[in-house]
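Accompanying notes for the structure given below.
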Amino acid sequence: MKEPKLFEISIEEFDKPKENHIFSKRYEKQKEEALNQYRKKMQSRGKVRFAKIAAAVAVVMIVGPLTVNAATNGEMFSRIWGTLGKSNIKSHDEVIYEKEKGTSVVVNYPQREYEDIDPETAKKLIGDSVEYPSITREVDGTTISILSVVRDQNSAVIEFSLEKAGGVDALECSQTSNEGKGATFSENAKFEFFIGNGGFIYVDSDKSTEDKLYCYDYVALGENADELKLEIDEYPCTRGERQTIVDSLDEQALDKLAKDTKTTTVKIPMSKQLKAVPYVNAKNGSLEISPISMKVDMTTGLGLSKDEAIEPYNCYYLSINYKDGTNYVVTEHEKEGEHTCDVDTDNAYYTLGDDAGQLSFVFNRLVDTDKIKSITVNNTDYTLK
């Protein structure tokens with residue numbers, strides 16, 4: 001028997017979404033060769049979005065009374081940005097094996113550290129910007145409920161639940177998914193939904209039951225920043241069957257699938273956004289930061305070409321440095337010839353790059369922007385503009 005081929009890649013290369021990114025040749029070769037089927041399963045939106053109009057497209061505004069979420073009084077803040085229901089993750093390796101091709105890949109997962117948040121501090125930072133929209137939608141026997149939303153001009157954090165009698169089966173979730181890419185929609189599900197450009201879904205196993213999952217979606221909005229929307233796609237078949245049709249490139253089958261797909265768009269009302277504070281480096285390169293996220297222009301003052309600026313892997317160190325001498329390392333990994341570290345760290349729940357060379361990072365904790373002294377990106381410092 002032929003010995004399976006074994007590759008080694010970092011989580012930064014393996015586990016970032018493919019949309020709106022240009023990856024290294026090394027990444028593309030290894031991931032395509034070792035994880036073809038796995039990639040299909042993990043993609044957030046599949047390979048294509050159909051140009052044809054779906055069978056029914058509805059735009060709905062559902063606004064319920066502005067009631068206080070049951071998880072408020074500190075619990076909500078601690079579950080979404082704190083330590084409640086979470087455990088720190090140590091750096092570790094995981095082997096993913098593709099039986100069909102006889103190939104494997106060693107994925108290097110970085111450490112992830114959580115930090116508790118004082119309820120009064122959280123209330124001060126985001127209290128007036130929490131929306132409780134009371135949005136509920138039933139799809140294929142599963143009830144989707146948007147419980148709370150916080151957003152700035154670049155990102156959003158959404159608390160939602162999925163409920164189904166007899167057990168929720170729409171999501172594939174586990175401790176491993178919480179450590180990696182986040183929960184994904186099952187191949188047996190007949191629907192999926194997205195907010196913005198997609199994000200990282202953390203399933204709170206401590207709070208969830210078999211019939212009801214409590215989830216936190218950390219989203220970079222990208223070009224969808226002007227209006228926050230929940231988009232639900234209902235398919236005439238399972239997601240696995242849909243992917244088979246997409247892979248077949250059968251034009252007639254694709255046309256039928258597009259016509260039979262129902263897309264519903266639900267506007268999520270937002271009364272107030274968190275403000276982002278601008279910072280600059282010595283060459284006038286810019287970034288902006290709010291309590292929940294940061295967006296960095298990687299094209300100015302970092303010594304990167306435009307092509308390099310697009311690739312998230314080229315941000316090998318990002319630290320928020322506080323006035324009291326402590327810091328929050330958002331992400332850190334080794335980069336040959338430029339940076340070494342003892343342990344890779346990823347404290348950004350989600351990272352998204354765009355064609356303009358800007359990277360958005362959605363934090364796994366709240367940041368008090370009044371306490372920041374400087375921000376370091378790679379080996380370049382940024383100060384308040």
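Keep in mind that this is a model prediction, so the values were computed, not measured.
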For [X] and [Y], I'd like to know if the aromatic rings sit close, meaning centre-to-centre distance below 6.0 Å.
{"X": "Tyr216", "Y": "Tyr349", "answer": "no"}
{"X": "Tyr350", "Y": "Tyr202", "answer": "no"}
{"X": "His333", "Y": "Tyr317", "answer": "no"}

If Ile, Leu, Val, Met, Phe, Trp and Tyr residues are connected whenever their side-chain heavy atoms lie under 4.5 Å apart, and connections chain through other members, are [X] and [Y] in the same group?
{"X": "Val330", "Y": "Leu384", "answer": "yes"}
{"X": "Ile195", "Y": "Ile232", "answer": "yes"}
{"X": "Val266", "Y": "Phe160", "answer": "yes"}
{"X": "Leu230", "Y": "Leu171", "answer": "yes"}
{"X": "Leu287", "Y": "Leu302", "answer": "yes"}

Would you say the side-chain atoms of [X] pair up with the backbone N or O of [Y], donor to acceptor, closer than 3.5 Å?
{"X": "Glu308", "Y": "Ser305", "result": "yes"}
{"X": "Ser186", "Y": "Asn188", "result": "yes"}
{"X": "Asn378", "Y": "Tyr316", "result": "yes"}
{"X": "Asp354", "Y": "Gly357", "result": "yes"}
{"X": "Arg365", "Y": "Glu113", "result": "yes"}
{"X": "Asn327", "Y": "Ser319", "result": "no"}
{"X": "Ser205", "Y": "Gly85", "result": "no"}
{"X": "Asp204", "Y": "Ser208", "result": "no"}
{"X": "Ser78", "Y": "Gly74", "result": "no"}
{"X": "Glu241", "Y": "Thr238", "result": "yes"}

Roughly how far, to the nearest 0.5 Å, is the [atom2] atom of [Y] from the [atom1] atom of [X]?
{"X": "Glu234", "Y": "Lys262", "atom1": "CD", "atom2": "NZ", "value": "5.0 Å"}
{"X": "Glu131", "Y": "Ile146", "atom1": "CD", "atom2": "CD1", "value": "12.5 Å"}
{"X": "Asp346", "Y": "Arg112", "atom1": "CG", "atom2": "CZ", "value": "5.0 Å"}
{"X": "Asp368", "Y": "Lys323", "atom1": "CG", "atom2": "NZ", "value": "9.0 Å"}
{"X": "Thr300", "Y": "Lys283", "atom1": "OG1", "atom2": "NZ", "value": "9.5 Å"}
{"X": "Leu162", "Y": "Leu213", "atom1": "CG", "atom2": "CG", "value": "6.0 Å"}

- Message: Could you go through Lys256 and Asp260, starting from their C-alpha distance and side-chain angles, then the distance that decides it, and tell me whether this counts as salt bridge (Lys or Arg N to Asp or Glu O under 4.0 Å)?
- Response: CA-CA 6 Å; Lys256 186 176 188 320; Asp260 292 341; 2.7 Å; yes

Regarding [X] and the six-membered ring of [Y], is the cationic atom NZ or CZ under 6.0 Å from the ring centre and inside 45° of its axis?
{"X": "Arg239", "Y": "Phe185", "result": "no"}
{"X": "Lys371", "Y": "Tyr322", "result": "no"}
{"X": "Lys86", "Y": "Tyr114", "result": "yes"}

- Message: List the residues meeting side-chain contact (heavy atoms from CB on, under 4.5 Å) with Asp169, not counting sequence neighbours, and say none if there are none.
- Response: Lys164

- Query: What pairs with Lys306 under side-chain contact (heavy atoms from CB on, under 4.5 Å), at least two apart in sequence or on another chain?
  - Reply: none

- Side chains of Tyr235 and Ile245 in contact at under 4.5 Å (non-hydrogen atoms): no

- Just wondering, do Met294 and Ile320 contact through their side chains at under 4.5 Å, heavy atoms? yes

Which heavy-atom pair separates [X] from [Y] by the least distance, and what is that distance?
{"X": "Thr380", "Y": "Asn281", "value": "CG2-CB, 3.6 Å"}
{"X": "Val362", "Y": "Ser155", "value": "CG2-OG, 3.7 Å"}
{"X": "Lys267", "Y": "Ile135", "value": "O-CD1, 3.8 Å"}
{"X": "Asp211", "Y": "Val168", "value": "O-CG2, 3.4 Å"}
{"X": "Ser148", "Y": "Ile80", "value": "OG-CD1, 4.4 Å"}
{"X": "Lys275", "Y": "Ser290", "value": "O-CB, 3.5 Å"}

Would you say [Y] and [X] are linked by a side-chain donor-acceptor pair, where the criterion is simply a distance under 3.5 Å?
{"X": "Ser293", "Y": "Asn154", "answer": "no"}
{"X": "Ser374", "Y": "Asn321", "answer": "yes"}
{"X": "Thr263", "Y": "Asp233", "answer": "yes"}
{"X": "Gln111", "Y": "His92", "answer": "no"}
{"X": "Tyr328", "Y": "Glu115", "answer": "no"}
{"X": "Asp297", "Y": "Thr299", "answer": "yes"}

- Message: Under the ring-ring contact (aromatic ring centres under 6.0 Å, His included) definition, can you give me all pairs with a residue in residues 242-280, not counting sequence neighbours?
- Response: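 Non-adjacent pairs meeting ring-ring contact (aromatic ring centres under 6.0 Å, His included): zero.
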
- Item | CA sep, side-chain torsions, deciding dist, call: Cys173, Asn178, side-chain contact (heavy atoms from CB on, under 4.5 Å) | CA-CA 7 Å; Cys173 54; Asn178 281 343; 5.8 Å; no

- Query: How far apart are the C-alpha atoms of Ile375 and Ile289, what are their side-chain angles, what is the distance that settles it, and do they pass the side-chain contact (heavy atoms from CB on, under 4.5 Å) test?
  - Reply: CA-CA 10 Å; Ile375 298 169; Ile289 181 170; 4.0 Å; yes

- Does the side-chain contact (heavy atoms from CB on, under 4.5 Å) test come out yes or no for Thr383 and Lys373, once each step is laid out? CA-CA 7 Å; Thr383 54; Lys373 178 181 179 181; over 6 Å; no

- Query: So Arg79 and Lys207, side-chain contact (heavy atoms from CB on, under 4.5 Å) or not? Walk me through it.
  - Reply: CA-CA 9 Å; Arg79 287 192 177 277; Lys207 187 178 180 182; 3.8 Å; yes

